[in-house]
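The next block holds one structure in the form of structure tokens; read it before the comments.
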Amino acid sequence: MKFYSTETEILEVPYLDSCVCNKCGDTYTKNKIKDVTSVNAKFVDYGTMYENQIWNFDMCANCLVEIIKTFKYIPTGFMEDYTEASYIKDKQKVFDNWKVTGEWEPYLGYEYEELIGLFDGWYHTAEFINELIEKYYPDKERL
Ligand SMILES: [Zn+2]
């Protein structure tokens, strides 16, 4: 739920004053408003229980993440805003592991040789690769 200020900024557009998470009821203001997102659900097919309904609600990231943890399948776009996302071999496997451990491990499932092959000296530094080897293959040789 969004609450707009009665004061207006330039062009007389009211600015967002606060946002309340529809699930937990916490109020977010100022810099914390960005931790709340709007969720839309549209039921456009005829003959459904919710025919032609469009639901909109605001939810804080904490509540949304808790709900996503109950999903069987990874949502499209989830955790794809950083470079490591392009190295994930099996998104569903990383997602399933995250639901249990809380750790997002993009290199989960890499064979030892594949980790060695990632070394490029600038993004995948020796230190970075060695940390992955230590985590997944602690008795194997480091770079
Ligand atoms: Zn919440």
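In what follows, every heavy atom counts, from backbone to side chain, and hydrogens, waters and symmetry copies are set aside. Each ligand, and each atom within it, is numbered from 1 in the order the structure gives.
Aromatic pair Tyr107/Phe128: ring centres closer than 6.0 Å. A distance below 6.0 Å separates the ring centres of Trp98 and Phe78.
One hydrophobic cluster, built from ILVMFWY side chains closer than 4.5 Å, cannot hold both Val36 and Leu64; they sit in different ones.
In this structure, Ile133 and Tyr112 have side chains that are in contact, with non-hydrogen atoms separated by less than 4.5 Å.
Side-chain contact annotation: Tyr123 with Glu84, donor-acceptor N/O pair under 3.5 Å present.
Checked against side chain to side chain contact (heavy atoms under 4.5 Å, CB included), Asn22 has the following partners two or more places apart in sequence or in another chain: Met1, Phe57, Asp58.
Protein atoms that are N, O or S and lie under 2.8 Å from the Zn ion (ligand 1) are these: Cys21 SG, Cys24 SG, Cys60 SG, Cys63 SG.
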